[in-house]
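Working notes, beginning with the structure itself.
In the text below, chain A, chain B and the rest are named by the order of the sequence lines, each starting its count at 1.
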Amino acid sequence: MTQVPNVFIALQRNEETRPIVDAILADNPGALHDEQPAMVKINVPGRLVVRRSTIEQEIGREFDLQELHVNLITLTGHIDESDDEFVLSWVH
Amino acid sequence: MAVVSIAPYDFPPKDSVDKFPAPLLYVGWEDHKMFCAPLCVPMPPTTVFGDFVKGALPDMYGAHPDFAKIAWDKVEWFNSGKPFTPDLRKTMAENGMGHKSVIRFRTPGLTGLAGSCF
Amino acid sequence: MDMKVNKKLGLKDRYNRMTRDLNWTPSYQSLKDIYPYLEYEGIKIHDWDKFEDPFRMTMDAYWKYQGEKERKLYAILDAFAQNNGHLGVTDARYINTLKLFLTGVSPLEYMSHKGFAILGRQFQGAGPRVACQMQSLDEIRHAQTQIHAMSNYNKYYNGFQDWQHMHHRVWYLSVPKSFFEDAVTSGPFEYILSISFAFEYVLTNLLFVPFISGAAYNGDMGAMAFGFSAQSDESRHMTLGLEVIKFVLEQDPDNLPIVQKWIDKWFWRGYRVLTLVAMMMDYMLPKRVMSWKEAWEIYAEENGGALFRDLARYGVKVPLGWEQACKEKDHLSHMAWNVFYNYGAAAPFHTWAPSEEDMKWLSAKYPDSFDKYYRPLWEHYAKEQKEGRRFYNKTLPMLCQTCQIPMFFTEPDDHTKIAYRESDWRGNKFHFCSDGCKHIFDNEPEKFAQSWLPVHQIYQGNCFPEDVDPSKPDFDPLMEVLRYYKMEFGRDNLDYADSQDKKNFEAWRAQATTN
């Protein structure tokens, strides 16, 4: 069986991203949480979804997914962006 | 013209021999990478090869502990990677050296610091 | 009573209305005249509207989030400066990585700003034009924020003072300079493929993660803050690169061989430039993040591998030279640092032999190569230095015609042997460090026969200051070249052990921690 390669997203590690990271981990079973100095990296095989509604639950306010840009460091995979979800994937 | 461009792109090479005080020569000592790369010097074509060996090489390579141990009669020479036997009494030009010739010398048995090829 | 509900446009619609829908079809000028550079490279685009904008960011969102990043970043830079943050770094050896960065990378950001400004005008599609315009703004932001972040170090340490001047003249800086000039003098499609895809997607993590994590691990909050702030822009750049390659390949099958040729060329050129990063990671960071070998395995072999597996459906092959780069990972950094150790008198930053502690780490990270091939060299240098004979190579090196790096690279299957490759073109010899660099030359000899090779330029007499006087009795050509570089001998160069930087750092740190 061929393993689906990982996609990942890396964010600055701070109080703003803590609820975002929690949301991503909750929405992506199989996610690997990799903490490094000042940075947190989340690896998921094949497909990673960042969901606005989950973040809003964690953060306790309305959230615009484009706010991700302030703390985003890097990512891999093809992007599909809408108002409600930001998806990274290698799967077609 | 191999390069793709919006207009003809055709100029003399930046490093043609007429631009230098003497043709360039590159020289490398095999298995002695302490000298990180081959060296580059302008070398007048009338320089006698033996004078280059006795006069220039010690300045360039003398800092290495192996240099004093070189048996010059056993040294192997290469010109563009092909074995060649320089005539030490003849000039650079007579030995076939031209602009941007690259020569190497190999000193059998001497393989650098602790045999690491440095 | 009926409630009027105003439905909000979705992200994709908002984006389209504020970008591509503002475009128009010209009625009294031809498209070919307005966009004259789109055909000569042989790339065929049939429908520009098929370009799928990767990040649907409208200008109002752009200004808002960039503004927020800037406010955060400058607050950190202020705090760092106010608090004498520079004294919090591990030790002053670290500061030399910033000299390398400011002279080698920051000018590239500025060139990139100009390159993307050109594309922001020359691409026919509104989507790519908008993305390139935003990138052009991002890149000048990067240049500015890097200069700001490092200006603080310039107040206290040597070698930062004339970075633009040095970038255009100093021997090893022609490596990054010529890389970017090659890209900027290519056509718009080659430019975006070389920079957005090959450099900013395939290889970017190998440049930024080591420098930024290096900053974080070594207590440099200023550079780290800049780094993370820039990286968030980089995500948009990376996705532009990936989107462009997909778009071009989907437009016409005839584009594939051209794109493949560019991938091969630019992977190799970018990999060669990253030589500086390899040695930085393994030899210049007092507190190391990971080895070059480890970084290569994660960011190139793993991530790059996944990327090329994904692109295989278009017929794209792994870049030529990939295997050689993988074979070199055990050796690259050590040999590269030896170049700068050799020529430490001519570089405006300090160099040093690794300590016993450093070598313990290197030995552990490179079990197959360090102790056998490289330890004897560093131990020899340390011994020589102790006895007052610190080695400096006094003869100029042979450079590769394409990558312009001293020819220290080795045969892919025997790292004890320097690799020599050669081409004959129009009666002249040209020399290369590798098959990769030779191929690049052979494909575009007219271009690469124009390489401004620092060693050759020095010998041509083009690297002297205006007031040089060869008739003076104490005329020393190499010292005059250093004056041309605006380097102060004995202050900006030579071994770290004897440097003003080291002395000052230790004195100031003592002042800050004792009475």
Side-chain angles (χ1 to χ4, degrees), chain B residues 1-42 56-57 59-65 78 80-81 98-104 106 111-118, chain C residues 36-37 40-42 186-187 190 335-336 338-343 372-377 379-381 384 389 391 393-399 401 405-408 410 415-418 420 422 425-426 428-431 442-447 449-453 455-457 459-461:
Chain B
M1 191 169 76
V3 71
V4 165
S5 61
I6 52 176
Y9 188 85
D10 203 345
F11 305 95
K14 210 162 223 112
D15 295 325
S16 49
V17 68
D18 54 297
K19 302 188 172 83
F20 292 91
L24 294 182
L25 178 71
Y26 305 110
V27 52
W29 183 6
E30 283 286 274
D31 302 330
H32 288 81
K33 296 193 302 162
M34 180 179 109
F35 306 95
C36 60
L39 303 172
C40 173
V41 285
L57 292 188
D59 274 341
M60 291 154 95
Y61 292 112
H64 197 289
F78 302 86
S80 280
H99 185 48
K100 297 208 255 171
S101 281
V102 59
I103 57 177
R104 298 181 234 178
R106 196 173 154 263
T111 48
L113 307 165
S116 65
C117 292
F118 270 95
Chain C
Y37 299 137
Y40 83 93
E41 295 175 272
S186 301
E190 181 172 356
M335 299 190 293
N338 187 37
V339 173
F340 285 89
Y341 192 89
N342 264 233
Y343 294 106
K372 179 170 180 195
Y373 296 111
Y374 306 107
R375 182 182 279 271
L377 175 72
E379 287 179 346
H380 172 78
Y381 282 157
E384 288 292 287
R389 289 183 304 267
F391 173 65
N393 194 328
K394 303 251 171 39
T395 314
L396 299 182
M398 181 183 189
L399 304 180
Q401 184 77 25
I405 298 176
M407 296 244 314
F408 78 84
T410 45
H415 293 283
T416 64
K417 302 286 176 278
I418 300 279
Y420 292 79
E422 207 175 298
W425 184 72
R426 296 200 182 166
N428 280 272
K429 280 191 198 295
F430 297 92
H431 299 284
D442 289 341
N443 285 333
E444 296 178 283
E446 295 88 354
K447 189 170 200 182
Q450 299 302 313
S451 292
W452 192 94
L453 297 179
V455 169
H456 292 186
Q457 291 297 317
Y459 283 136
Q460 289 184 26

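Proximity to chain C (any heavy atom under 4.5 Å) is shown, for L113(B), by both the backbone and the side chain. For V339(C), the parts sitting under 4.5 Å from any heavy atom of chain B are the backbone and the side chain alike. At a 4.5 Å heavy-atom cutoff, the contact between N443(C) and chain B is made by backbone atoms alone. Using a 4.5 Å cut-off between heavy atoms, F391(C) touches chain B through its side chain atoms alone. When heavy atoms are compared at a cutoff of 4.5 Å, H415(C) approaches chain B solely by way of its backbone atoms N, CA, C and O.
Most heavy-atom pairs under 4.5 Å with chain C: of the set A37(B), A2(B), P38(B), this distinction falls to P38(B).
Between the side chain of Q460(C) and the backbone N or O of K14(B), at least one donor-acceptor pair lies under 3.5 Å. Proximity of a side-chain donor or acceptor of Q450(C) to a complementary backbone N or O of P12(B) within less than 3.5 Å is detected. No donor-acceptor pair closer than 3.5 Å links the side chain of D15(B) to the backbone N or O of L453(C).
Scanning both residues, C40(B) and T395(C), for their nearest heavy atoms gives O-CG2, 4.1 Å. Here the closest non-hydrogen pair linking Y26(B) and M398(C) is CD2-CG, 3.3 Å.
Exactly one of M407(C), K429(C), E422(C) qualifies for a side chain to side chain contact (heavy atoms under 4.5 Å, CB included) with V102(B). That residue is E422(C).
Taking OG1 of T410(C) as the reference point, atom NZ of K33(B) lies at 5.0 Å (rounded to 0.5 Å). Interatomic distance, OG of S5(B) versus OH of Y40(C), reported as 7.5 Å (0.5 Å rounding). In this structure, L377(C) CG and C36(B) SG are separated by 10.0 Å, a value rounded to the nearest 0.5 Å. Atom CE of M34(B) is separated from atom CG of N342(C) by 7.0 Å, given to the nearest 0.5 angstrom.
Figure legend: K100(B) and F430(C) shown as a cation-pi pair, the cationic atom lying under 6.0 angstrom from the six-membered ring centre and within 45 degrees of its axis.
H456(C) and F20(B) have perpendicular rings, their planes meeting at more than 60° on a 0 to 90° scale where under 30° would count as parallel.
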